[in-house]
Amino acid sequence: MTALDEDRLAGAVGPRLGTRSGPRHLTGRGRYLGDHPVPDLCHVAIARSSTAHARIISIDTDEAAALPGVVAVVTGSDLEAMGARRFDHLLGPPFRPLTWPVLAIDRVRFVGEPFAAVVATSRAVAEDALEAITAEMEELPPVVGVDAALAPGAPLLYPEWGTNVFLSTENATPGLDQAMAGAPRRLTERFESHRVCGLPIEGHGAQATWDPGAGRLTVLASSQQPHQLRSVIAEICGLDETHVRVISPDIGGGFGNKQHFTREECLIGLLARLTNRPVRWSQDRTEALTASVHARAQIHDVEAGYDTNGRVLALKVRVLSDLGNPVLYFSGAGPAFVTVANLTGGYTIDHIGWSLTCVATTTCPIGAYRGFGQPEAHFTTERVMDLIASDLGLDPTEVRRINLLPDSPRPWRGHGGQRIDVGPLGSQLDLLLERFDYESWRREQAAARDEGRYIGVGVSTLVQGTTPTQNDTAGRFGSLEMAAVTVLPDGRVDVRVGTKSQGQSHDTTFAQVAAGALGIPPELVEVRDGDTDALAYGQGTWGSRSAVMGGGAIIKAAAAVRAKLARVASGLGHVLPSEGSVDLDVYHRVAEVAWWHAHLLPAGVEPGLTASAVYTPGFTGPSPAGGANHDETYGSHATAVAVEVDPATGTVRMLSAVLVSDCGVVINPTIVEGQHQGGFAQGLGIAFLEECKYNDDGQPLSATLLDYTIPTALDVATVQVVHRPTPSQTAGGFRGVGEASIIAAPAVLVSAVEDALRPLGVKLNSTRLHAASIRAAVRATGWKPDAAFWALRLRVPGEL
Amino acid sequence: MTTMSSVVEMVVNARPVRAEVQPRTTLLDFLRDELGLTGTHAGCEQGACGACNVLLDGRVVRACLVLTVAASGSEVTTVEHLGTPDLLHPVQEALWRHHGLQCGYCTPGIVMTAVDLLSRISAPSDAQVREALSGNLCRCTGYAGMVAAIVEAGRTRDEQAGVE
Ligand code: FES
Ligand code: FES
């Protein structure tokens, strides 16, 4: 690191503390959902549709119910007879109205949709019993893909809508059409972000116990948002919130897939109550791949007008979003709304217009996956930059530079009302090009081309909205965070927070945050999350929000505790400073006195050393010029990669990847780097390997990990992370970061692969860089590997 | 569908175990449900992810693909036998230091694979580690830290062996 960096980073980058939970997990002492045995535990298996679209005529569960070991078999109607309520997406027009039962009653609308459930004394027996359920179904025509959904006369998933369009809306800045018409140059393209699955290695699951005496339901769930899940379970099960406790134990990854308050989590609550036995459901891998949550699946029809310097004057995007069957507790249209709000990214595009059409299809619901609509937007924006560069013969970094937001004003108000508070973007790009050694990669590329090899360089300049705050109906899904901080008599600090770690090591980073706020060593702090009985409320972990929201709430509560520490100390004749480290002897003395020796407290000071706080930064809401800002703060991340592509086989080798990261104050650089490396691997998986595919009948073709392959250690290159923090105005100066590299990766990889194959004239308009997709794109140019090439390839290994 | 159970005997984590199991019970379910060794995780139950990796007679296997009856007479080692939170095994220690885990769900399987690798190759290269790990899926980390950790654990052990 250069001296300059040292200066810049001073105070904004915390220490690299090892993770608290590490030793527990390394020795197999983690406690995930399936690691909580209770006496008499029953297991649930779920009967799911094997056809994409059908009317349910009858479901016969008698034979299954008679099997030894089976405790109960239920259908959707059985659950409603016991009082189960229906889910409602709660969204008003322009959304179509939609409610759905816990288990499908009249119709199934995707392969994997649940319609019955078995409770049995073992999982094996429960699965056996599924085979004995007979469901008579009248098949209806499937609807697969956006085009099929919009085709005239298409079969309808919800005939009452009269269409498959769940939502259609649009927006444009005044003067868009004139700006487009007046632009010296124009491009029109269709880009696609293909359908994938987040796929945490631990599947989803829930386990519930009913206490009939107290009338109280306890649900363990592998959930990213335990408090909000509590609200939903209470609603669906007809209980009030005080009679539902949700515990999220250790979570084996979430990535948005464990964010949706699922039918299954409510089902497990209902079954515990119905059978009066503890019950558990652990999602299996096929359920995860076919019947949980898919993501992306957007097509963008793009028109861009620009001048001969490469400046974008007008951008029009028609977004077509395949929602699958939109039965998710906050609609799958959510990501698409985020997409249209982020189409200008970190660029000063003068005129923007978009339309959004979200359609229902007979496939797995589309919902949250790390990035949540931003990867689709970023892919389109970055493709536009690259195509402009290629059209004008400019360097793609120059086209970005001319379009990037200038360094002032800050915050920058975007057309949609975004309040973009990022650091300087031009110098961030400079630093990237220097660290990546852009010039030397361009020289390598030229030399390789002379040898008939295909090296490419890709660049992405991402401005990411982080820490979303919703208004109106969606406000319940995220607008604040809560924390409680207590200094105990022995000086240990109990921190409780409403976010929920799923591998982000909040036990470590939040201990650092609380310790910093109190002026004590982090070893004294213990962080707890994931239990609605331990903290009254919270909104969970998603949307790159935890550091800003959870950290902010901890700082606020800790500040109140620190003020009290100081008051008690001064009553005892000591001084505890309001900033920096405190004298630990004094601190310990104050902790004891505050709880145990009330008679020594100064007049007017109540005993105890505890505070809870609810925090929201307050930067969202309507902008002065119209529109609304939905993100409390923004991060900026500039990424460059170099790849070598084999046009004959379509395989890509990563040569280098560098990411300059601005997530505001860095609490723990090791953990931030881990988030970048992990997110990049997921983005790389999307591009190179993954796709949730269906055939025309709506049958999933990727139902096991053998068909849906995710990156292994052989596939992933190491990303070099350069920290360049610009503190934000939120408490603590943090910005969100967890989603940055998965947003950047598909865009930057497609950019690099297309750049590598530029001599062949290859065009890449989708996020698919699977070997077969690259081969197809290469073949489309008419290029073929020559015979001598194949002779070389086919030679027996070792013979060279 | 309920079938006659059979008796199995094996040594698990250096302790003799005798139990009645159904023929279809996998070693994964047996370890977790009967012996309470929940450090061995179910990631896919399809043989694809490696979260269930254990050592069977000293070699790494996928516990979800081994029937318990087939493991009768064998010696099984799970992650619980390798180190404790206070006294980590060198492989665990290196993984911790290199931030080779995030959610920890794949981690026991990674540890078992690494231990198996280091029992066969004393100081594996980056490429050899990646090859060995290619049967373990991790969705969180992107592998960088774990590869570095295992390479280092091998090298350190090698150096120590040289010193002795
Ligand atoms: S659970 Fe055995 S390989 Fe995945
Ligand atoms: S650490 Fe989460 S799957 Fe590997």
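To find a chain, count down the sequence lines: A is the first, B the second, and so on, and within it residues start at 1.
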Rounded to the nearest 0.5 Å, what separates atom [atom1] in [X] from atom [atom2] in [Y]?
X	Y	atom1	atom2	result
A:Gln675	B:Cys140	CD	SG	8.5 Å
B:Cys103	A:Ile251	SG	CD1	9.5 Å
A:Ser122	B:Asp29	OG	CG	9.5 Å
A:Glu673	B:Thr141	CD	OG1	13.5 Å

Who wins among A:Arg123, A:Gln504, A:Gln677 for the most heavy-atom pairs under 4.5 Å with chain B? A:Gln677
Relative to chain B, which of A:Val719, A:Asp715, A:Thr718, A:Leu714 shows the most heavy atom pairs under 4.5 Å? A:Leu714
So which bits of [range] come within less than 4.5 Å of chain A, counting non-hydrogen atoms only?
range	answer
residues 81-93 of chain B	B:Gly83, B:Thr84, B:Pro85, B:Leu88, B:Gln92
residues 126-137 of chain B	B:Arg130, B:Glu131, B:Leu133, B:Ser134, B:Leu137
residues 57-74 of chain B	none

Turns out that what part of A:Ile671 lies under 4.5 Å from chain B's heavy atoms comes down to both
What heavy-atom pair brings B:Arg24 and A:Ala124 nearest, and what distance separates the two atoms? NH2-CB, 3.2 Å
Any heavy-atom pair between the side chains of A:Pro200 and B:Tyr105 that's under 4.5 Å? no
Does B:Arg139 come within less than 4.0 Å of A:Glu690, counting only side-chain N to carboxylate O? yes
Got a salt bridge between B:Arg32 and A:Asp35, using NZ or NE/NH1/NH2 to carboxylate O under 4.0 Å? yes
Indicate whether the side chain of A:Thr286 and that of B:Gln46 have a donor and an acceptor atom separated by less than 3.5 Å. yes
Using the test salt bridge (charged side-chain N to carboxylate O under 4.0 Å, His left out), find all partners of B:Glu80 that sit at least two apart in sequence or belong to another chain. none
